[in-house]
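To start, the structure itself, in structure tokens.
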Protein chains: 2
Amino acid sequence: MHEKHASTFHENISKIRKLIVQSSLVPGDRLPSERELAETLSISRASVREALRALSFLGIVETRRGGGTFLCEQDRHKYIEILSEFIVTKQTKATDIVEMLRLLERMAFTEVKPTSERLTDLERVIADDRLFRQQLIFQLENELFIRIWNEVNRFFDGLDVGDLYTLEERKLLIETWRGMGMPE
Amino acid sequence: MHEKHASTFHENISKIRKLIVQSSLVPGDRLPSERELAETLSISRASVREALRALSFLGIVETRRGGGTFLCEQDRHKYIEILSEFIVTKQTKATDIVEMLRLLERMAFTEVKPTSERLTDLERVIADDRLFRQQLIFQLENELFIRIWNEVNRFFDGLDVGDLYTLEERKLLIETWRGMGMPE
DNA sequence: ATATATAAGTGGTCAGACCAATTAGTGCGA
DNA sequence: TCGCACTAATTGGTCTGACCACTTATATAT
């Protein structure tokens with residue numbers, strides 16, 4: 001009865017996107033609840049959630065616990081465009097990529113509240129530059145930020161210019177963080 | 001007992017990433033099964049799946065039905081670096097962004113097998129340039145491709161230069177596709 | 001009319017079950 | 001011994017139903 005899709009997962013994403021269009025939703029509008037979507041699209045709520053999570057990662061929808069699922073405002077991703085602008089306009093070279101990565105990671109470093117567990121996690125991967133930086137970024141727990149870092153870091157990997165920080169720098173970073181004190 | 005996280009969702013991602021590091025997994029290696037992960041990390045299998053789906057979208061792991069979940073090979077994302085290289089090195093301007101988008105969308109156009117349902121879906125959004133192109137890309141059902149298009153399209157949106165195609169071009173695209181025949 | 005308490009709605013998580021695809025194991029025959 | 005077909009175990013994919021945490025709407029009391 002229905003068309004062939006690569007997987008029901010993609011089919012479900014397609015269904016939800018189609019419903020957004022048919023309902024003429026505009027950024028900021030609320031989508032039907034997960035339970036409604038499940039019944040309307042004749043799929044389980046678990047599948048609805050997996051599809052919504054994917055759309056969330058793509059920056060198309062956002063969910064608010066107890067509130068609902070909403071179509072994203074374009075403006076919320078303005079800083080992605082800003083970063084993109086930086087890449088696009090500045091005749092970016094290897095040094096610029098490195099500079100941007102250091103900037104992003106400094107942001108993470110200053111934003112993340114240092115806890116004993118996070119320090120332990122960082123120390124565990126202190127020997128590996130890439131894992132160390134990845135660990136730092138993930139501790140921010142901001143999906144959009146993680147996505148941006150992920151893409152920029154791919155540039156860096158492609159450059160094949162070795163580590164971003166030395167082992168001593170990474171150790172110093174941790175020591176500095178430790179000196180910033182613990183939460184209550 | 002355990003540290004404060006923004007959400008258990010991010011905490012779960014952190015747990016899995018930590019386990020990958022502690023197990024010294026290298027690209028190509030298989031992760032423990034979802035059931036094992038659930039028991040090891042003391043979370044439900046549904047939560048494990050949501051976390052794995054996120055890591056999948058970030059290009060860190062990939063799942064094979066009946067086979068398992070594997071740490072991604074770096075090389076699989078080589079073409080992301082190629083596209084990035086294009087952006088980074090060519091002093092990319094607005095015209096280049098447009099060119100790249102047209103290229104990506106032509107790839108989708110030639111790769112996707114035209115079916116009556118897909119044509120219907122496209123015709124439904126023919127009035128909206130952005131939705132039309134998004135619909136076309138999503139029909140490819142390739143997560144990595146969707147991600148790349150998504151990022152590049154953000155550049156385009158930031159340029160604010162109007163539509164990429166005219167209504168006539170979109171109609172022509174559909175007519176051309178319709179002429180390519182239907183599947184068996 | 002305002003503020004407070006209550007109820008309803010919604011996303012987040014969990015448990016257990018079954019299906020579908022792959023993989024590992026077994027045994028038979030050449 | 002080797003190779004092939006068959007079976008069993010493993011694993012990701014989906015479904016159902018339940019309960020919790022948070023938000024929003026409603027009703028109630030002052």
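In the text below, chain A, chain B and the rest are named by the order of the sequence lines, each starting its count at 1.
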Protein within reach of the bases, or only the backbone? For nucleotides 19-26 of chain C, mark each nucleotide 5' to 3' as B, S or -, using heavy atoms under 4.0 Å. -SBB----
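- At a cut-off of 3.5 angstrom, the base of C:dG11 holds no donor-acceptor pair with the side chain of A:Arg53.
- Each of A:Glu105, A:Arg133, A:Lys171 was evaluated against A:Tyr165; a single residue qualifies, A:Glu105, per the side-chain hydrogen bond (donor to acceptor under 3.5 Å, both in side chains) test.
- Listed candidates were D:dG12, C:dG11, C:dC14. Nearest to the side chain of A:Ser33 is C:dG11.
- Residue B:Leu55 contributes atom CG, which lies 14 Å from atom P of D:dG12 at whole-angstrom precision.
- Residue B:Arg45 has no polar side-chain atom (N or O) positioned under 4.0 Å from OP1 or OP2 of C:dC14.
- Here the P atom of nucleotide C:dG11 and the CZ atom of A:Arg30 are 7 Å apart, to the nearest Å.
- Along DNA chain D, the nucleotide nearest A:Ile43 and the nucleotide nearest B:Pro32 are compared for position; the residue whose nucleotide lies closer to the 5' end is B:Pro32.
- For D:dG12, one of the phosphate oxygens OP1 or OP2 lies less than 4.0 angstrom from a side-chain nitrogen or oxygen of B:Thr69.
- A salt bridge between A:Glu50 and A:Arg53 is absent, with no side-chain N of the basic residue lying under 4.0 Å from a carboxylate O of the acidic one.
- Taking the side-chain hydrogen bond (donor to acceptor under 3.5 Å, both in side chains) definition, one finds that A:Arg124 meets it with A:Asp121, sequence neighbours left out.
- Taking only side-chain atoms of B:Thr63, from C-beta outward, the nucleotide of D:dT16, D:dG13, D:dT11 with the closest atom is D:dG13.
- Shown here for A:Ala51 and A:Ile13, the closest heavy-atom pair between the two residues is CB-CG1, 3.9 Å.
- Between B:Glu50 atom CD and C:dG12 atom C1' the separation is 8 Å, expressed in whole Å.
- Rounded to an integer number of Å, the gap from CD of B:Glu34 to P of D:dG12 is 5 Å.
- Shown here are the salt bridge (charged side-chain N to carboxylate O under 4.0 Å, His left out) partners of A:Arg17, two or more places apart in sequence or in another chain: there are none.
- Open room surrounds CD on A:Glu39; 12 or fewer heavy atoms of other groups in view lie less than 6.0 Å from it.
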